[in-house]
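From a predicted model like this one, the values you see are computed outputs, not experimental measurements.
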Amino acid sequence: MNGDEPAGAPLSLRERRWAVAVQEILAAAEDQIAENGPAALSLRAVARSLGMTVQALYHYFPSRDELVTALVTKAYGDLADAVQEAVDAAPEDSDPPRMVIAAERYRQWGVDHPERFQLIYGAPLRHYAAPAEGSSTRAVRRMSGTFQNELFRGFTREQLAAADTTTLSPALERHLKEFLSPNALGGLPSPAVPILISAWGQMHGLVVLEVFGHTSFVGPHQAEMFRLAMLAMLQDVRRRIPADVAAR
């Protein structure tokens with residue numbers, strides 16, 4: 001087990017104790033990351049902080065990579081939960097729009113948890129590669145789905161297919177048709193994909209700049225600047241998606 005929530009029949013006493021130990025190990029590892037940064041993560045130090053041997057820790061996480069994957073999955077999950085909770089608490093006609101609320105909660109989580117944000121979005125840890133279709137990938141897709149839903153809220157598939165985007169090259173068009181299965185990006189029409197990626201890049205890029213300390217010159221006004229940027233981004237997205245598909 002690596003920290004994923006079990007499902008099915010009630011857990012036995014041994015399984016409950018196992019789950020508690022896993023959570024304690026993850027919490028200790030997160031404390032170490034918060035204190036020394038992701039690159040300094042040490043299984044020996046984590047074990048020492050819990051009063052256990054490294055060999056005992058390996059009983060729960062057989063390798064450093066498995067512990068890192070669990071930490072990455074948990075960070076993505078906590079971030080996705082925070083964003084979803086903010087969206088769920090906002091009315092349909094909220095001001096600012098729910099997409100902006102989602103972006104602002106994303107930013108706030110990164111600002112509040114800079115070391116964990118760097119774990120998932122900073123320089124890759126040496127000698128570590130996340131599983132291609134593992135728990136961390138599923139967590140990313142869950143969060144991406146929330147932003148996709150809010151960005152394109154109120155638009156039909158036909159409207160998204162008629163979005164005003166730069167003409168795609170034949171090679172990119174073919175790639176998107178192969179990639180955009182019903183399970184990939186919700187089966188978005190290909191013209192909507194560049195809009196989604198551009199919006200994501202604007203939002204995420206601004207958060208990365210702030211978390212890594214590159215926008216400190218803005219002083220105490222970074223939250224306001226971020227909101228203005230998100231409102232402008234959302235306005236541009238809506239401008240590029242036609243209200244009347246038949247007219248186009």
(message) Working note: Gln23 + Lys74, criterion side chain to side chain contact (heavy atoms under 4.5 Å, CB included); need CA distance, chi angles, decisive distance, verdict.
(response) CA-CA 10 Å; Gln23 293 308 313; Lys74 187 172 183 297; 4.1 Å; yes
Separation between OG1 (Thr146) and CZ (Arg98), nearest 0.5 Å, reads 10.0 Å
- prompt: Do the side chains of Leu228 and Val237 join up, straight or via other hydrophobic residues, at under 4.5 Å, putting them in one cluster?
  reply: no
Checklist entry - If only atom types and distance count, is the side chain of Ser63 paired as donor or acceptor with the main-chain N or O of Glu66 below 3.5 Å? => result yes
Q | Flag, side chain of Gln148 to backbone of Leu196, donor-acceptor distance under 3.5 Å | A | no
Side-chain touch Arg157/Pro189, heavy atoms, less than 4.5 angstrom: yes
Rounding to 0.5 Å, atoms CE (Met52) and CD (Glu24) come to a distance of 9.0 Å
Original post:
Is there a donor-acceptor pair under 3.5 Å between the side chain of Glu224 and the backbone N or O of His221?
Top reply: no
task = Taking atom types as modelled, find out whether Glu210 and Thr215 have a side-chain donor-acceptor pair closer than 3.5 angstrom.
result = no
*Using a 4.5 Å cut-off on heavy atoms from C-beta on, say whether the side chain of Leu188 contacts that of Phe152.*
yes
Practice task
Verify, without hydrogens or angle tests, whether Thr69 (side chain) and Asp65 (backbone) share a donor-acceptor contact under 3.5 angstrom.
Solution key: yes
- request: Give the intermediate values and the outcome of side chain to side chain contact (heavy atoms under 4.5 Å, CB included) for residues Phe117 and Val111.
  value: CA-CA 8 Å; Phe117 189 85; Val111 171; over 6 Å; no
Exercise. Do the ring planes of Tyr121 and Tyr106 sit parallel (below 30°), tilted (30 to 60°) or perpendicular (above 60°)?
Worked result: tilted
Residues Val46 and Ala28: closest non-hydrogen pair is CG1-CB, 4.1 Å
(Q) Salt bridge or not between Glu104 and Arg107? Use side-chain N to carboxylate O under 4.0 Å. (A) no
Are any of the side-chain heavy atoms of Tyr58 and Leu43 separated by less than 4.5 Å? yes
Q. Would you say Phe147 and Val83 make side-chain contact, with heavy atoms under 4.5 Å?
A. yes
>> Same cluster or not: Phe226 versus Leu209, using hydrophobic residues (I, L, V, M, F, W, Y) connected whenever any side-chain heavy atoms lie under 4.5 Å apart?
In response: no
Just do the side chain to side chain contact (heavy atoms under 4.5 Å, CB included) check on Ser94 and Ile101 with the steps written out, would you?
-> CA-CA 9 Å; Ser94 64; Ile101 290 174; 3.6 Å; yes
Separation between CD (Gln235) and CE (Met230), nearest 0.5 Å, reads 13.0 Å
Note: Gly213 and Ser216 closest approach over all heavy atoms is O-OG, 3.7 Å
> Any side-chain heavy atom of Ile25 sitting closer than 4.5 Å to one from Leu67?
Replying inline: yes
How about CZ on Arg153, more than 12 heavy atoms from neighbouring residues, nucleotides or ligands closer than 6.0 Å, or not?
yes
Salt bridge present between Glu85 and Arg105 (N-O < 4.0 angstrom): no
Smallest heavy-atom separation, Phe212 atom then Gly122 atom, equals CZ-CA, 3.9 Å
Nearest heavy-atom approach of Ala102 to Val87 is CB-CG2, 3.6 Å
CG of Leu125 to CZ of Arg64, rounded to nearest 0.5 Å, is 5.5 Å
Quiz item: Is it true that Arg142 and Asp81 make a salt bridge, defined as a side-chain N closer than 4.0 Å to a carboxylate O?
Solution: yes
I'd like to know if the side chain of Ser198 and the backbone of Ile195 have a donor-acceptor N/O pair within less than 3.5 Å. no
Rounded to the nearest 0.5 angstrom, the CG-CG distance for Leu50 and Asp31 is 9.0 Å
Note to self: Over 60° means perpendicular and under 30° means parallel, so tell me whether His204 and Trp200 are parallel, tilted or perpendicular.
What the structure shows: parallel
*asked:* Just so I know, are the side chains of Leu234 and Arg239 near enough to count as touching, which here means a heavy-atom distance under 4.5 Å?
replied: no
May I have the step-by-step check of side chain to side chain contact (heavy atoms under 4.5 Å, CB included) for Ile120 and Leu71, ending in yes or no? CA-CA 9 Å; Ile120 55 180; Leu71 288 167; over 6 Å; no
Here the pair of heavy atoms bringing Arg240 nearest to Thr165 is NH2-CG2, 3.7 Å
* Exam field: side chain Asn149 to backbone Gly145, donor-acceptor pair closer than 3.5 Å -> yes
In short, Met225 meets Val218 closest at the heavy-atom pair CG-CG1, 3.6 Å
Practice prompt. For residues Ser169 and Leu172, determine if any side-chain heavy atom of one lies less than 4.5 Å from a side-chain heavy atom of the other.
Written response: yes
Using side-chain heavy atoms (C-beta onward) and a distance below 4.5 Å, is Glu115 in contact with Glu35? no
Here the gap from His113 atom NE2 to Gln108 atom CD, rounded to the nearest 0.5 Å, amounts to 9.0 Å
